[in-house]
There are 2 protein chains.
Amino acid sequence: MTRPSPGPRERLLTAGQHLFYARGVAVGVDALLKEAKVARRSLYEHFGGKDGLVAAVLHRAAEEDLAWYDAALAAEDEPRERLLGLFDRLDELIANDDFRGCRYFASDVALDDPDHPAHAETEAFRRRLRERLIRELEEMDHADPERAANQLHLLIEGTLVMGATQDERQPARAARDLAALVLGGGGA
Amino acid sequence: MTRPSPGPRERLLTAGQHLFYARGVAVGVDALLKEAKVARRSLYEHFGGKDGLVAAVLHRAAEEDLAWYDAALAAEDEPRERLLGLFDRLDELIANDDFRGCRYFASDVALDDPDHPAHAETEAFRRRLRERLIRELEEMDHADPERAANQLHLLIEGTLVMGATQDERQPARAARDLAALVLGGGGA
DNA sequence: GTCCAGATAGACCGATCATTCTACTTGAAG
DNA sequence: CTTCAAGTAGAATGATCGGTCTATCTGGAC
């Protein structure tokens with residue numbers, strides 16, 4: 001009912017989410033319009049330009065990715081198992097053929113203008129991800145949640161980089177073992 | 001004596017090393033020529049094109065960076081202290097104002113053509129870096145050098161990403177603490 | 001002095017880029 | 001039936017891109 005075939009705005013967001021990730025934010029407007037099956041004018045009416053679409057796509061992707069993290073964390077009962085299970089989900093994510101690394105870091109690197117609206121979106125994503133890590137660590141009464149969150153965040157980003165550059169080395173597993181050390185207690 | 005002012009080839013490499021890092025490999029040829037104070041024709045005579053210069057710059061940067069890693073490792077006596085000291089050097093590196101993350105990962109992300117010669121250079125760099133980590137780990141009789149090298153490599157890449165995106169959080173220190181756990185033994 | 005390789009300076013080309021614009025279609029409201 | 005907003009299709013624009021080309025200059029080798 002609420003989806004009598006998505007409108008141009010929705011199709012542009014979907015196409016951007018796919019192409020900006022698969023081919024980078026430097027992908028041409030023509031390719032976006034073709035994949036979204038949308039008229040050129042619609043892009044500028046809805047998003048003001050390509051930069052606006054990039055920011056909007058990152059905003060939507062952040063919502064979905066954070067929901068993905070929430071779902072991954074909700075899959076276990078104990079906070080410690082939840083955080084460790086996160087790296088099992090990352091392992092599956094990396095194994096996907098279309099995995100290309102961290103969307104947000106790639107956008108930051110590609111857009112050298114520090115005032116580009118995309119940077120605010122990537123920064124917000126990282127802040128919200130860190131909030132979730134701290135929440136979990138506090139819930140398990142970790143001695144130093146801030147420090148541990150920094151370490152877990154570093155392990156996540158490192159896993160994504162290693163997964164994008166050399167996938168046969170099972171980086172998520174290496175990161176999981178390190179995460180277990182960060183969280184203390186049993187090794188598995 | 002051996003430097004009666006560097007020729008166009010050398011100036012192009014220097015300019016590329018600077019600009020490809022500071023503004024990304026997507027930087028225009030005109031900017032490169034201007035910074036190198038070199039005629040347009042020289043670029044194509046010496047490197048065949050922009051792609052050739054990108055690959056040549058990555059090759060030279062890899063040599064210098066590996067020398068940097070060697071120097072960092074040579075600063076201490078015990079293999080364990082050497083590897084830990086590496087993260088102290090990374091801490092200083094990140095603190096630099098012009099630090100912009102990992103040059104090789106940024107190049108890989110920016111060049112979506114999988115056949116671009118730059119990818120071979122970045123892959124070679126990572127392989128050689130990993131060889132050094134394994135060498136150190138073997139020298140300190142680590143139980144599982146391969147696995148530990150993967151973990152240390154992941155910590156290094158994670159440190160560079162975190163340093164590029166949020167520098168006030170002292171990622172190198174967090175990584176050093178994790179590295180100490182990887183290496184076993186005393187905590188500091 | 002002559003010659004020539006190598007460098008410089010800069011016009012030029014075709015392709016591609018993001019953006020703007022005009023003209024036409026569609027579908028629902030009044 | 002008319003109206004009007006929203007969408008489509010695609011030409012046109014100006015800028016920028018990497019790459020090619022011509023013309024000129026410079027500094028040794030001979």
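Order of the sequence lines sets the chain letters (A, B, ...), proteins ahead of strands, with each chain counted from 1.
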- Between B/D91 and B/R176, does at least one N-O distance fall below 4.0 Å, as a salt bridge requires? no
- In whole angstrom, what separates A/R23's CZ from C/dT16's P? 12 Å
Give me, pair by pair, the N or O atoms of the protein and of nucleotides 4-6 of chain D that are less than 3.5 Å apart, along with how far apart they are.
none

- NZ/NE/NH1/NH2 to OD/OE distance under 4.0 Å, B/R173 and B/D88: no
- What nucleic acid atoms does B/R11 come within less than 4.0 Å of, heavy atoms only: base, sugar-phosphate, or nothing? sugar-phosphate
- B/S42 side chain near C/dG6 phosphate (N/O to OP1/OP2, under 4.0 Å): no
- So, do B/H142 and B/E136 sit near enough that their side-chain heavy atoms are less than 4.5 Å apart? no
- Message: Looking at A/R128 and A/E63, is any side-chain nitrogen of the basic one under 4.0 Å from a carboxylate oxygen of the acidic one?
- Response: yes
- Task: State, yes or no, whether a side-chain contact exists between A/Q17 and A/E64 at a heavy-atom distance under 4.5 Å.
- Result: yes
- Please report, rounded to the nearest Å, how far the P atom of C/dA7 is from the CG atom of B/L33. 14 Å
- Message: In whole Å, I'd like the distance from the CZ atom of A/F47 to the C1' atom of D/dG7.
- Response: 14 Å
- Evaluate the side-chain proximity of B/R126 to B/H153: yes if any heavy-atom separation is below 4.5 Å, no if none is. yes
- Task: Go through the structure and list residues passing ring-ring contact (aromatic ring centres under 6.0 Å, His included) with B/Y21, not counting sequence neighbours.
- Result: none
- Item | Mutual orientation of the aromatic rings belonging to A/Y69 and A/F125 [parallel < 30°, tilted 30-60°, perpendicular > 60°] | tilted
- Quick tally for nucleotides 15-29 of chain D: nucleotides whose base has a protein heavy atom under 4.0 Å get B, sugar-phosphate-only ones S, the rest -, giving ---BBB-BB------
